[in-house]
Amino acid sequence: MKKNTPSTTLPTSVPVCRRASGAVFLDRDGTLIHDRGWLRDPADVIFYEETFEALRALQRFAELFIVTNQSGIASGLLTAREAENVNRFIGRRLEEERITIRAVYTCPHRREDRCGCIKPNPYFAIQAAADFDISPEHSFAVGDHPHDVEFARRFGGKGIYVLTGHGARHRADLPDAAGGCVASSMHDAVRLILGCQRPVPSCYIGAGTAAGLLQRGEVVVIPTETVYGMAASALDANAVRRVFELKRRPALDPLIVHIADAGDLGAVAAGVPPAARKLAEAFWPGPLTLVLPKRKCIPNLVTSGRDTVAVRVPEHPIARKIIREAGCPIAAPSANRFGSVSPTCARHVFNQFDTDLKFIVDGGPCAVGVESTILGFWDNRVWLLRPGGIALELIEAIAGPVSVYRNSGPTDIRAPGTMPRHYAPSTPLFLLNATDPVVLKRNTGLIVFGPDAPVGGAEVENLSPAGDPAEAAANLYAAMRRLDAAGLDRIIARRLPDEGLGRTVNDRLQRAAARPVS
Ligand code: TXA
Ligand code: MG
């Protein structure tokens with residue numbers, strides 16, 4: 001360091017961290033202002049009478065955002081600039097009324113464009129969580145379309161449906177589950193929100209401070225698109241040791257190292273076979289882990305003494321932001337106690353660890369919901385070590401035939417840590433074949449799949465009534481946890497057809513059903 005340069009020294013024992021806050025994501029047209037078609041001119045904006053007072057009450061406990069679908073832009077009915085002018089005007093008017101909107105998010109696409117940002121996709125809520133230290137789980141969405149309610153469900157919060165705007169007209173399309181959250185107006189919506197808000201636990205920290213904590217050697221739970229990870233700097237053996245201790249994980253089970261971009265691979269891996277490179281190009285960022293020769297900088301503790309390292313570039317925007325800002329590779333196993341069901345939302349982690357974990361970043365429910373696919377490379381072949389979030393068929397389309405590795409036990413040199421029993425609830429789970437009839441028994445939970453499965457009931461979890469294996473994967477662990485908490489004698493699960501992500505779901509069900517070794 002140069003002489004006499006001002007510098008700030010931060011105490012290492014008291015990390016700087018900001019607690020996450022709750023937010024309310026407000027729809028614009030039909031919710032805050034009258035819905036008068038595509039608004040091109042600020043002069044056409046008419047606020048509902050009660051908007052100002054309602055928002056002033058809301059902002060006392062939550063950050064406010066506006067999220068609006070303006071598909072008229074893609075359809076050529078208004079320009080992006082016109083939409084922005086209207087948004088700016090609304091922001092200014094609210095500011096005059098002493099109401100602060102942290103950001104206005106606008107999706108300009110049409111539904112048929114299949115963009116990621118149109119509601120009900122949770123995209124903008126997750127962006128707000130990343131940029132403004134929001135906890136989606138403690139947040140709400142308010143709007144006059146069933147998509148607004150679905151938007152909230154997908155970011156892990158609560159949706160409030162208002163009967164203003166198109167609300168009355170679309171009410172019949174509202175899912176039954178949303179029944180209790182219908183408000184006659186914004187005023188009523190505020191009353192409902194204040195009645196069911198919960199305090200944010202002190203361990204829920206904003207994404208903005210997670211990187212600094214990781215640099216200081218702290219363990220921080222971070223969201224990824226597969227499952228939540230218990231993260232530590234992969235270069236810090238002490239921090240990694242704490243991860244093993246917190247998880248009660250055997251030291252012979254190595255960790256996956258996460259990097260922000262495929263371009264950073266050279267920092268952790270000593271060589272990349274051509275097949276691995278092609279697969280990384282096709283699927284990163286995403287739920288794919290590649291086992292590659294390791295660089296010396298990775299401590300032996302991370303790889304359980306192996307000369308290989310498992311590497312992945314996660315896709316979740318919060319994970320990428322945190323890893324990029326931390327500036328180091330991040331070791332992260334799933335954030336559960338060893339052997340139990342992996343967490344797919346922040347609350348799962350909090351419920352299991354309570355005060356044992358000091359820092360959790362909430363990034364909403366995991367979109368993929370099962371762990372990454374792990375591949376190894378030797379003898380000029382590609383080996384499937386663990387089925388996961390990318391289907392085998394997709395891997396084979398890029399890399400040609402893949403050999404499925406059969407591991408010989410927990411200490412297996414090639415695929416350590418793939419135990420016959422894993423991802424298991426504490427209630428005994430029994431597995432049926434995909435076509436076996438399901439017989440309903442007393443005090444029994446059911447995990448089923450597809451349109452022909454038994455319907456409804458507190459103890460029936462249909463992983464995807466539409467029969468979509470990706471949706472089933474996303475719902476699997478939460479369904480297992482709900483049934484496990486219901487005090488049942490047993491859980492019966494029916495296998496999915498053995499193709500695509502169905503194979504991954506079956507793998508997890510199989511391990512959950514394996515009897516504990518006594
Ligand atoms: O989706 C995922 O992969 C999640 C998220 C957090 O990224 N992580 C995850 O980590 O599932 P974990 O600890 O539950 O599983 C890591 C597994 C090990 O059990 C082992 O099977 C494999 O990765 N693994 C790690 N290093 C390896 C190595 N050097 N050689 C072979 N397998 C390895
Ligand atoms: Mg609306």
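Values below: all heavy atoms of this structure, side chains included; hydrogens, waters and symmetry mates excluded. Counting starts at 1 for both ligands and their atoms, following the listed order. Along the sequence shown, residues are numbered consecutively beginning with 1.
- Ligand 1 is never approached by M230 to a heavy-atom distance shorter than 4.0 Å.
- With a 4.0 Å cut-off on non-hydrogen atoms, R312 touches ligand 1 through its side chain and not its backbone.
- Cation-pi geometry between R414 and W378 is met: under 6.0 angstrom from the ring centre, within 45 degrees of the axis.
- Atom CZ of R111 has more than 12 heavy atoms from other residues, nucleotides or ligands within 6.0 Å.
- Residue-level check: among N/O/S atoms of D27, OD2 sits closest to the Mg ion (ligand 2).
- Interface of D253 with ligand 1, defined as ligand atoms under 4.0 Å from a residue heavy atom, comprises 18 (C), 19 (O), 20 (C).
- Within a 6.0 Å radius of CD in E245, other residues, nucleotides and ligands contribute more than 12 heavy atoms.
- The shortest N or O to N or O distance between T226 and ligand 1 is below 3.5 Å.
- The shortest separation from a heavy atom of T303 to ligand 1 is not under 4.0 Å, leaving the residue out of contact.
- Looking only at its N/O/S atoms, D144 has OD1 as the one nearest to the Mg ion (ligand 2).
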Check your understanding: For H166 and D35, what are the C-alpha separation, side-chain angles and deciding distance, and is it a side chain to side chain donor-acceptor pair (under 3.5 Å)?
Key -> CA-CA 8 Å; H166 293 289; D35 192 335; 3.0 Å; yes

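- When distances from the Mg ion (ligand 2) to the N, O or S atoms of D29 are compared, O comes out shortest.
- Listed here is the closest heavy atom pair of L279 and L375: CD1-CD1, 3.6 Å.
- In summary, of the residues considered (R28, K158, R153, K119), a salt bridge (Lys or Arg N to Asp or Glu O under 4.0 Å) with D148 occurs for K119 alone.
- For F25 and F155, the ring centers sit closer than 6.0 Å to each other.
- At most 12 non-hydrogen atoms from other residues, nucleotides or ligands lie less than 6.0 angstrom from CG of N380.
- Comparing heavy-atom distances from atom 8 (N) of ligand 1 across A231, A319, A332, P287 singles out A332 as nearest.
- Near T308, with a cut-off below 4.0 Å to any heavy atom, the atoms of ligand 1 are 28 (C), 29 (N), 30 (N).
- By the criterion of a heavy-atom distance under 4.0 Å, both the backbone and the side chain of S372 are placed next to ligand 1.
- Checking R386 against T289 by side-chain atom types alone, no donor-acceptor pair falls below 3.5 Å.
- Those atoms of ligand 1 that come under 4.0 Å of a heavy atom in I256, given as number and element, are 3 (O), 8 (N), 9 (C), 10 (O), 16 (C), 23 (O).
- By the 3.5 Å distance cut-off applied to N or O atoms, S334 is counted among the residues near ligand 1.
- Looking at R386 next to ligand 1, an N or O pair under 3.5 Å apart turns up.
- Distances shorter than 4.0 angstrom occur between a heavy atom of R249 and an atom of ligand 1.
- Atom numbering of ligand 1 starts at 1 in the shown order; those under 4.0 Å from a heavy atom of I374 are 17 (C), 22 (C), 23 (O).
- Taking every heavy atom of G229 and a limit of under 4.0 angstrom, the matching atoms of ligand 1 come to 6 (C).
- Within a 6.0 Å sphere centred on CD of E396, heavy atoms belonging to other residues, nucleotides or ligands number more than 12.
- The existence of a salt bridge linking R503 and D507 is excluded, since no basic side-chain nitrogen approaches an acidic carboxylate oxygen closer than 4.0 Å.
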